[in-house]
Amino acid sequence: MTEQGRVLVVDDDETVRDVVRRYLEVAGFEVEVAGDGTEGLRLFSATGPDLVVLDVMMPGLNGLEVCRRLRQVSQVPVVMLTALGEEENRIAGLQLGADDYVTKPFSPKELALRVASVLRRARMPRPEPPARELADGNLVLQMNARQANLGGVELPLTSREFDLLAFFLAHPGVAFSRADLLEKVWGWDFGDQSTVTVHVRRLREKIERDPAKPVRVATVWGVGYRYDPVRP
């Protein structure tokens, strides 16, 4: 069995931990498990995993707080486990820098495939940016510094929001489906396309004057999304 990497699974449900561990080990991963957030942070420091699978709803230190603390010290990929209907937690996790989420109840086989996909994306060398700067009127992205400014004010974009906005700015006027964006921005050939929807919504809240009536990131009904420049 070829070791694909080290994964830390943090979940307070022993059955979930055992099932996820078995499937990930069959897929070639070395797995550590933790039953709560405090133990998860300890094991993270001790083992240095390549990816963390993190349950949101745990007693004590919940998954969102664990993710926040991880992001203070590391950019390790994080896949969050959320219950059906917990959209606010999914959004909060993505805002904190989680790379993906899987909704419970889930297929352990799909989770293993998702973990492999996220790790493959994380290990890909980041291509050289096509330009030092991308701009549309008062919206400016400094590619090398990975900073975005709107009207001279720096935007608090997550890494994925920055990548999505940079892709849009590099392809103005072109309509992309959510599947297209999942492949071209996330680097995934499968996955939950609602991840794209959540990121577009969060991006609109940060760059649009009225997110309910977006001017820059337009919805193309029956297709997906298109970036419309507002420059004169």
In this structure, would [X] and [Y] fall into the same cluster of hydrophobic residues linked by side-chain contacts under 4.5 Å?
{"X": "F167", "Y": "V174", "answer": "yes"}
{"X": "V7", "Y": "V19", "answer": "no"}
{"X": "L164", "Y": "V140", "answer": "no"}

Taking side chain as C-beta onward, heavy atoms only, is [X] less than 4.5 Å from [Y]?
{"X": "R204", "Y": "T219", "result": "yes"}
{"X": "D228", "Y": "V215", "result": "no"}
{"X": "Q4", "Y": "L119", "result": "no"}
{"X": "F106", "Y": "V20", "result": "yes"}
{"X": "M57", "Y": "N62", "result": "no"}
{"X": "L134", "Y": "L165", "result": "no"}
{"X": "D136", "Y": "Y227", "result": "yes"}
{"X": "F29", "Y": "R21", "result": "no"}

Please round to the nearest 0.5 Å and tell me the distance separating atom [atom1] of [X] and atom [atom2] of [Y].
{"X": "L51", "Y": "L24", "atom1": "CG", "atom2": "CG", "result": "9.0 Å"}
{"X": "D12", "Y": "D36", "atom1": "CG", "atom2": "CG", "result": "8.5 Å"}
{"X": "L8", "Y": "E32", "atom1": "CG", "atom2": "CD", "result": "7.5 Å"}
{"X": "L61", "Y": "E39", "atom1": "CG", "atom2": "CD", "result": "12.0 Å"}
{"X": "Y23", "Y": "L111", "atom1": "OH", "atom2": "CG", "result": "11.0 Å"}
{"X": "R22", "Y": "E25", "atom1": "CZ", "atom2": "CD", "result": "9.5 Å"}

Any side-chain donor-acceptor pair under 3.5 Å between T15 and D18?
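No.
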
Would you tell me whether R71 and S159 have side-chain atoms, one donor and one acceptor, within less than 3.5 Å of each other?
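No.
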
Taking all non-hydrogen atoms of both residues into account, name the closest pair between [X] and [Y] and its distance.
{"X": "T103", "Y": "A83", "value": "CG2-C, 3.9 Å"}
{"X": "V223", "Y": "A175", "value": "CG1-CB, 4.0 Å"}
{"X": "V217", "Y": "P214", "value": "O-CB, 3.3 Å"}
{"X": "V118", "Y": "P77", "value": "CG1-CB, 3.6 Å"}
{"X": "A166", "Y": "M143", "value": "CB-CE, 3.8 Å"}
{"X": "C67", "Y": "A98", "value": "SG-N, 4.2 Å"}

Check whether any side-chain N or O of R17 sits under 3.5 Å from a backbone N or O of D11 as a donor-acceptor pair, and report yes or no.
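Judged by distance alone, yes, a pair lies under 3.5 Å.
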
Would you find a donor on one side and an acceptor on the other, under 3.5 Å apart, between the side chain of T47 and the backbone of L43?
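Yes: the side chain of T47 pairs with the backbone of L43.
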
Results of salt bridge (Lys or Arg N to Asp or Glu O under 4.0 Å) for R178 - residues two or more places apart only:
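R178 satisfies salt bridge (Lys or Arg N to Asp or Glu O under 4.0 Å) with no residue once adjacent residues are dropped.
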
Using a strict cut-off of less than 4.0 Å between a Lys/Arg side-chain nitrogen and an Asp/Glu carboxylate oxygen, indicate whether [X] and [Y] qualify as a salt bridge.
{"X": "K104", "Y": "D13", "value": "no"}
{"X": "R201", "Y": "E205", "value": "no"}
{"X": "R120", "Y": "D99", "value": "no"}
{"X": "D100", "Y": "R160", "value": "no"}

Show the numbers, then the answer: is there a side chain to side chain contact (heavy atoms under 4.5 Å, CB included) between T197 and Y225?
CA-CA 10 Å; T197 305; Y225 303 103; 3.9 Å; yes

As a quick check of understanding, evaluate side chain to side chain contact (heavy atoms under 4.5 Å, CB included) for E208 and R216, giving each step before the final call.
CA-CA 7 Å; E208 299 282 4; R216 284 186 156 106; 3.3 Å; yes

One pair to check against side chain to side chain contact (heavy atoms under 4.5 Å, CB included): F44 and R69. What are the steps and the verdict?
CA-CA 11 Å; F44 177 82; R69 296 190 188 188; over 6 Å; no

Non-neighbouring partners of A145 that pass side-chain contact (heavy atoms from CB on, under 4.5 Å), sequence neighbours left out:
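With neighbours one apart ignored, the set is Q142, Q147.
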
Could you check whether atom CD of E154 has more than 12 heavy atoms from other residues, nucleotides or ligands sitting under 6.0 Å from it?
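Correct, the count exceeds 12.
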
Test log, rule side chain to side chain contact (heavy atoms under 4.5 Å, CB included), inputs H199 and D163:
CA-CA 11 Å; H199 277 80; D163 290 342; over 6 Å; no

